[in-house]
Amino acid sequence: MYATFNTIPGPASESPDDLPPPRPRQKRSQVTRACDWCRVHRIKCDNNQPCLNCQSRGARCSNEGASEFRTLPHAFREIERLRRRNQELERELKEERTRNRRNQAAPVIESDAQLPIPPSVQPLSAPIFSDHIAENEASRRKYGEGIYTSTARSPAKTWYGPASLLYFISRLNAFLASTLQHHLPEGSMHLNSASRLLDGPISPPKQSTDGRDHIPPDDTFKGKEYLTPTQEEYFLDFYWQTHHTSLLVINESDFRQHYKSLWTGSRKSRKPSALVDIVIALCMQYGMAQRRGNPFPSWGSADVDFNDATLAGRLHYCRCQTLLASELESPTISTLQCNALSVIWLCCASFQNMADSTLALTARTAQMLGLHLPPPQDLPQHEREMRRRLWWSIYVLETKTSMKLGRPFVLHASHETCSLPGDGYEVAAMSGSNFAPLDDNTTWLSWNLHNTKLVLLVRSIYTAFYEKYAEFSHGDDSQADTDAYAAFLLIHMHALEPWVRDVPDALKIQRKDNSTPFSVDRSLLDVEQFAPLWVQRQRLFLELLYHYLCANLYRPFILFNSGSSTPLSSSSLQSPSPAETCANNCASHAMALTHFMRQIMSTTDILVGWQEAFQWQWSCAMTLVGFVLAFPHGELAKPARESINASIEILGIFGNSFAIAASAATVVRVLSETVDHIIVPQPALQLQGVDQELGFVPHADPSAGEVPQDEQAPAMIGQADAGHTEFSEEVAIAMQDILSESMDMAFAVDGYNDMNTLWPSPVPIPRHLGSYYL
């Protein structure tokens, strides 16, 4: 009934050992969590991002629910973490309440000046107060460094931040003082400038018994000799040839109509106008400096006590301020224009703190007029564009001043700030001036737009550096910290590269060897001979301003503590550190500016007598002196020394225009010789009679022997192969006195931006020159 099956073993199953080993089972790939699309469609996903399915369909691959807790252990761990955090917060709250009860239990001595707190007003809570203290502490760290120094005339001290040239000079001075082992007196830090003689820009006062100069109470401006109508017309025409194309705060057409209306009903005297007075004062100031800068033997050198051009037009300036006093409560656009021009005049006259205070008033006046907001749409388009140009001119003016002085910014950008001014053909046609376009996309207003963008980019780099590395202490940090600071700055400096590319070719001054504009290769500039003067001015101004701002950004990494960084060496195979790269970049930009300035000053009269150009050169000269002292072995040390010599020549040319520039040339010359004595071993270097003149006492290593002149290498004091250098007490005092004179140079800072730095060929100056200095 049941069948029996007999299994007959085959040949393959005769022995278990002869069976092939089973294949290992392939492990199934696990996916942590499928993406949203694969999970919805219930298809296999992978761990790639995006996954293969989303790539093939060309759609977005998302995983929005990845942070959700899908398992019970994950949820328990999150609950435990939140429970611990809650306990920590409860403990901190309990401690804060205990601290508040102790403060309330302490006795409080009330004074009559204290006002009771209304019951509806709660006292400032401790957490808010702590946050306020923390904010002030951060601000203190950011701006805590710097130098307190008095002006040339007053014992009162004012503060200059770590970004200022004055602070850099103080670091240089401290290093030399420690090297020379001689204390620098406080009262010997000032040069002979206009701010040393006067409390303000008026006629020279009488000396009082308390050592300070005071304005005579009866010294009014009534009855003073002002310009004749013909002379006024001369200087006003002068303004449109010089400042107008780079100082975009005045509408030429509106100003001419305003000036014409002042002569209604009279041919001998005009109605008072603060705007006309400050424009005339500004043109007189520069006109006299430019005139003195030309080699006329009858003029002689400028004398700050008698005919310094920096004080030319001071009577018109003071009359302008008298008229503005009645407009403080109800300012107008004209009030704002006068304040902006007053800042520039004060900077050129070396009244630096007065200029800074006037600039703060100017910034607040601009906000009173609502210029920081988008212009009202019911205004005509040309007025809306004029308001934008005014706001951004003042914003850039304040930015440059604050960065140069190292002081906190007064104006801050916000989301409500008006847009940048336009530069198209339609806007240029409504600007009130008639200038031909430069090319298809560039007008005379394009310079102002790109100049504003440059300063805004530099401000963002400046702010990022000094906020992130507020405790950077110039050599006191470790090498790793210093390099980290420098690397951070180098990364942010790349933000300037797009700006360089975006500048139109019509605004770039070309090079004779076809090198790249705004580069630091120190090639010759190709100044277009038949281009309008205002075009040449804008091109050159943009090039010089770029190098000047870059040198200032890199300057904090010129460190005088030799132990904080390895000296730069051209023979070293090791690549320079980030800090050394920043120092090299600073010197390169300073040398580039000096190279261009020397070419322009020696072949043209474009920059003769211009205060801002002098300040740029003075800043770069002191920067190069510090670089040579800090890095005597660097491959840039030799070209830096050559640039210092070129700076002395340039400052000497400026000295024909104003006395403070002549003092600057002397300071740089002798300071350069002093640095040579410090970093070069003796008697290897023989400076053409300087040793005998200064009383230098060399003590060389007797075993060193004579060293050929072409084989000598600079060496810092203290190195084993440098010998030993000593200074007599008289020499140390003389060197310190020479260096101390440089401190006041930073007071006449170029705290303004939209200034014309170029000048056409000299034109005849009217007679009766004596009245021009009033």
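Atoms considered below: every heavy atom in the structure, side chains included; atoms not considered: hydrogens, waters and symmetry mates. Given the structure is predicted, the values throughout are model-derived calculations rather than measurements.
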[X] side-chain N/O to [Y] backbone N/O, donor-acceptor pair under 3.5 Å:
X	Y	answer
Glu385	Gly422	yes
Arg407	Trp159	yes
Asn451	Leu542	no
Trp392	Ser419	yes
Thr442	Leu438	no
Ser402	Thr399	no
Ser657	Ala289	yes
Asp605	Val608	no
Thr463	Ser460	no

Taking the side chain as C-beta and beyond, is there a heavy-atom pair between [X] and [Y] under 4.5 Å?
X	Y	result
Ile250	Tyr239	yes
Phe658	Gln285	no
Thr335	Met368	no
Pro532	Phe435	no
Leu166	Leu405	no
Pro331	Leu336	no
Arg459	Phe409	yes
Ser253	Gln257	yes

Handout entry: Trp618 vs Ile660, side chain to side chain contact (heavy atoms under 4.5 Å, CB included): CA-CA, chis, key distance, verdict
Key = CA-CA 11 Å; Trp618 160 248; Ile660 195 171; over 6 Å; no
Parallel, tilted or perpendicular for [X] and [Y], by the 30°/60° rule?
X	Y	result
Trp240	His244	perpendicular
Tyr317	Trp345	parallel
Trp616	Phe541	tilted

Approximate separation, where rounding is to 0.5 Å, of [X] [atom1] and [Y] [atom2]:
X	Y	atom1	atom2	answer
Asp423	Asn448	CG	CG	9.0 Å
Met354	Cys347	CE	SG	11.0 Å
Gln536	Ile606	CD	CD1	5.0 Å
Thr158	Tyr160	OG1	OH	4.0 Å
Leu275	Ile333	CG	CD1	11.5 Å
Tyr466	Leu553	OH	CG	7.5 Å

If the threshold is 4.0 Å, N to carboxylate O, is there a salt bridge linking [X] and [Y]?
X	Y	result
Asp277	Arg270	yes
Arg256	Glu252	yes
Lys400	Glu612	yes

Considering non-hydrogen atoms only, spot the tightest contact between [X] and [Y] and give its length.
X	Y	answer
Leu379	Glu383	CD2-OE1, 3.6 Å
Thr332	Glu327	OG1-OE1, 4.2 Å
Ser619	Lys404	OG-NZ, 3.5 Å
Pro229	Tyr259	O-OH, 4.4 Å
Ala274	Cys338	C-SG, 3.6 Å
Thr365	Leu361	OG1-O, 2.7 Å

Handout entry: Donor + acceptor pair across side chains of Ser246, Gln538 (<3.5 Å)
Key = no
Practice task
Indicate whether the side chain of His258 and that of Ser273 have a donor and an acceptor atom separated by less than 3.5 Å.
Solution key: yes
Practice task
Determine, stepwise, if the pair Tyr395 / Thr417 fulfils side chain to side chain contact (heavy atoms under 4.5 Å, CB included).
Solution key: CA-CA 11 Å; Tyr395 191 91; Thr417 300; over 6 Å; no
Practice task
Could you list the residues that satisfy side chain to side chain donor-acceptor pair (under 3.5 Å) with Ser330, not counting sequence neighbours?
Solution key: none
Completion exercise
Gln367 meets the side chain to side chain donor-acceptor pair (under 3.5 Å) criterion, sequence neighbours left out, with Arg364
Problem - Passing option when Arg389 is tested against Leu248, Leu449, Leu371, Val249 for side-chain contact (heavy atoms from CB on, under 4.5 Å) - result: Leu248
Practice task
Could you walk me through whether Tyr167 and Tyr148 pass ring pair (Phe, Tyr, Trp, His ring centres under 6.0 Å), step by step?
Solution key: CA-CA 9 Å; Tyr167 181 70; Tyr148 286 90; over 10 Å; no
Completion exercise
The single option from Phe235, Trp534, Phe238, Trp610 that satisfies ring pair (Phe, Tyr, Trp, His ring centres under 6.0 Å) with His243 is Trp610
